Structures are given as C-alpha cells and as structure tokens.
Amino acid sequence: MRLATWNVNSLRSRIGRVEAFLERHDVDVLALQETKARDDQLPLMGLQSMGYEVASAGVNQWNGVAVISRVGLDDVEVGFPGMPGWGDPVAGEARAIGVTCGGVRVWSLYVPNGRKVDDPHYVYKLDWLARLRAAAQPWLDGPTALVGDWNIAPLDEDVFDIAAFARSTHVTAPERAAFQAFLDDGYADVVRPHSPGPGGYTYWDYYRQRFERNRGMRIDFVLGSPAFASAVTGAFVDRDERAGTGASDHAPVVVDLAD
DNA sequence: ATGGTCGGTTACCGA
C-alpha cells in the first residue's frame, strides 16, 4: 500500500494537481491538510471516477483536512477525543480526521501554526499537541499513522537557516519537546531515514524564491506506530510537485508499506 | 525589523 500526505493549500484550486499526483505515483491513500473547503465544496467527480472515496472535515476556509482512499475508507472520525472544539466543529476547528484504510488507521492532522511565540495561538498549539498525544497513546497498539503538517521543525537541520528562526515558532524548545514526546511514546518518523538532511524538506515559503534555492523546512511528517513502522519499505518527498507555477507551498510525502 | 507571495467568505487576514 502506498500512503501519502500533503498540505495542499486549497483542494479546489489544485484538484488537477491532486489527480495528477495520485496517478503519477499510483497512490492508494492520500491525507490532505489545508483543504480550504467545506464538505459541500469538495471537487469529487474526478476523484470518484478514478475509484477513490473521500472523507473530509471542513467547516471554514482555513483548516480543513481530508483523506482520499481507493483501499477502503471506514470508521470516519472527525477530531480526536479531547481535541479543542471536539464535538463542536462549527466552532471553527477541523484539524483532524481519522479513517481506516486497508487495515491502517490514518489520522490526517493539521497542527495549529502558533503564529508568534507571544500569541495565544502558540499556547493553543502546545495544548492541542498535548491533547493529541494523550489520545494517540492507545492507538500505539495497532497499525496507526499520524500524518500531516505538524508545523514543527524538530531538528536544527530541518530549517534552511536556524539563526533566522531565533525568535520564531516551529523551532522552540516546547514545540520540539511536544514532537519528541510522540517519539518517546513509541511513534517513529518513518520518512527521515529515507530522506535525510535538506533533501527532506517538505515546505518552502512562496516568497523570495525559497524553493528554487532550497531554503525550506521539514515540517510534514509521517509518524508510525510500531506495527505501521515495521511495514514501511520506503519513503520519499515529491519535490517535483513543488516546482512550477500553481504549486502548493508544501510537497507531498509518500510512504510505501509491505502488504 | 521588514518584506516577499499565495488563497479565499478578498479590497483584508492567515500562512
């Protein structure tokens, strides 16, 4: 099974690229973040004609998530227990959706950005991660993948210029500790070993030709439970998808699993 | 410290 995750930065504006990506890489399951579409705005026709089912959680123009699958799409759950606003999606948050595809529990996650370290959104981000960690501990027993845009660069080498991020979110000690906690619990970053260093960047800002100069960041991750991680046979970042006009500012991350 | 470029409930905000 081939699983991918991608912060698509608007599904409607990039549906052609999504369909081409699925076909180009023969992807079975694709988790999306920043769909920027409500559930009733999804461009489904082409995906369905390609044999995919879609589950989405989108209540506003910002933080929608979705999963596209052609190997089954069951047990759809919007948000995780304890998530801020859980059970009240109209409150404006739709950052997590869990589905079961091909025997794997996949969570598409869009971790809050945090904005600035002195912004209430930064506290909210840390709280959100703590609540996700608590919810995710029982999931370690099965084949589980926590995938998406974590908005954290865990290592200095995950940022093109760590000095430029001295007072920025994404690299602070509390954020990195929150990410590390998932690893300590038993989740594994299944992509880094296959694409180390700057070759594993997943995000490049739109301005200043950051992509052309590979001034990017590694902030999109696939964290696997032991059962998931042991089945991984390979992984890569589809950098080509970030090139050219009309690209998302994030590249897709692809993981292959043994049957 | 600022600005640059995107997308969308667009003449601003969030990323």
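Computed from a prediction, not measured in an experiment: that's the story for all the values here. By convention in this document, chain letters (A, B, ...) are assigned in the order of the sequence lines, proteins followed by strands, and residues within each chain are numbered from 1.
The gap from the P atom of B/dT2 to that of B/dG7 amounts to 26 Å, rounded to the nearest Å. With both ends at atom P, the span from B/dT9 to B/dG14 equals 15 Å, rounded to whole Å. Atom name P, nucleotides B/dC6 and B/dA1: the rounded distance is 27 Å, in whole Å.
A ring-centre distance under 6.0 Å is not found for A/F211 and A/Y201. In this structure, the ring of A/W150 has its center less than 6.0 angstrom from the ring center of A/F182. Aromatic pair A/F236/A/H25: centroids less than 6.0 angstrom apart.
Summarising the local packing, CD of A/E212 is surrounded by more than 12 heavy atoms from other residues, nucleotides or ligands at distances under 6.0 Å. Residue A/R167 places its CZ atom among 12 or fewer non-hydrogen atoms of other residues, nucleotides or ligands, all under 6.0 Å distant. Counting heavy atoms of neighbouring residues, nucleotides and ligands inside a 6.0 Å radius, atom CG of A/D259 does not exceed 12 of them.
A/I15 has its CD1 atom 12 Å from the P atom of B/dG8, to the nearest Å. Rounded to a whole Å, the CZ atom of A/R167 is 13 Å from the C1' atom of B/dT2. A/Y206 has its OH atom 13 Å from the P atom of B/dT5, to the nearest Å. Straight-line distance from the OH atom of A/Y203 to the P atom of B/dA15: 11 Å, rounded to whole Å. Distance A/D39 CG to B/dT9 P: 14 Å, rounded to the nearest Å. One interatomic measurement links the two molecules: CD of A/E212 to C1' of B/dC6, which rounds to 14 Å at whole-angstrom precision. Distance CZ (A/R215) to C1' (B/dT5): 16 Å, rounded to an integer number of Å. In this structure, CG of A/D249 is placed 14 Å from P of B/dT5, rounded to the nearest angstrom.
No engagement by A/Q209 is indicated, since no non-hydrogen atom pair under 4.0 Å with the nucleic acid exists.
The main-chain N or O of A/N9 is never found under 3.5 Å from a side-chain atom of A/E34 such that the two would form a donor-acceptor pair.
Position along DNA chain B of the nearest nucleotide to A/Y110 versus A/L11 favours A/L11 as the more 5'-ward residue. With DNA chain B read from its 5' end, the first of the two nearest nucleotides for A/R210 and A/G114 is the one closest to A/R210.
The side chain of A/S10 approaches B/dG8 more closely than any other nucleotide in the set B/dG8, B/dA15, B/dC6.
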Between protein and nucleotides 12-14 of chain B, what N or O pairs are separated by less than 3.5 Å?
none

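Of the side-chain N and O atoms in A/R14, one or more sit less than 4.0 angstrom from OP1 or OP2 of B/dG7. Put simply, A/R12 has a side-chain N or O that comes within less than 4.0 Å of OP1 or OP2 on B/dT9.
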